[in-house]
Amino acid sequence: MASDKPFILVVEDEPAIVELVSFTLKQANWETSAVHTAAEAWELLQRRTPQLILLDWMLPDQSGLRLLSKIRADRHFSGLPVIMLTAKSMEEDKIAGLDNGADDYITKPFSPRELTARIKALLRRKAPEHAQSTMTAGPVSLDPVSCTVSLNDQKIDIGHAEYKLLKFFLAHPDRVFSRSQLLDKVWGDHAVIEERTVDVHVLRLRKALKEGESLIRTVRSVGYMLSEK
Ligand code: CA
């Protein structure tokens, strides 16, 4: 079973900062991987899409800003949350970072608490399915910390794929998603499963939700949505 913790990629070449950041992220219950160059970061991105990137401005092979532009230009990563880490505190640098598509900006030195707060805020804004608060719809509630789903406050059995699917739906209520969007968002960009697999998991999810099954709507010839209405 794959980990359900948000995966955060740290691109930073200063060992002391890498150590501080990695420790802080683990304490906050996030999974993390650190690379030291832009090339290594790009290579890792081809294998696994993180939920968020912490990107240093000054890297040994190319600037973090160049990597950011490359990330933003790629269809798969254009919406990926990115926080720039930098020693620069000049206003124009900050603007350059944001102009190039950074979502936020942290100036070194920063406190672990500030780092965690900024990451949480950005995840809440850009990827609510990775926020760590309980989500509910009708009789169904999902607790991302304990990875449990309850129906009228009674815990229910649910498979891992169905859990992830439900979590995604709960984070984006009243929005219709196509099968291919669900594959991308729930199973990840690099998933090699067929679209009809989504139907199988939706079916299983409805079964698991019992009287809550009507929350998951089929929108004909479009896809699926979660709605209480
Ligand atoms: Ca650096």
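Just so you know, ligand 1 is whichever comes first in the structure, and atom 1 is the first atom listed for that ligand.
Note on Glu12 versus Lys108: salt bridge recorded, some NZ/NE/NH1/NH2 to OD/OE distance being below 4.0 Å. Ion pairing between Arg48 and Glu31 holds under the 4.0 Å rule for side-chain N and carboxylate O.
For the atom pair Trp30 CH2 and Ile119 CD1, the distance stands at 4.5 Å (nearest 0.5 Å).
No cation-pi contact links Arg72 to Phe77, judged by a cut-off of 6.0 Å to the six-membered ring centre and 45° from its axis.
In plain terms, the two heavy atoms of Met58 and Asp13 that are nearest each other are O-OD1, 3.1 Å.
Excluding waters, the count of protein N/O/S atoms less than 3.0 Å from the Ca ion (ligand 1) comes to 3.
The only option from Asp199, Thr197, Asp184 that meets the side-chain hydrogen bond (donor to acceptor under 3.5 Å, both in side chains) definition with Arg179 turns out to be Asp199.
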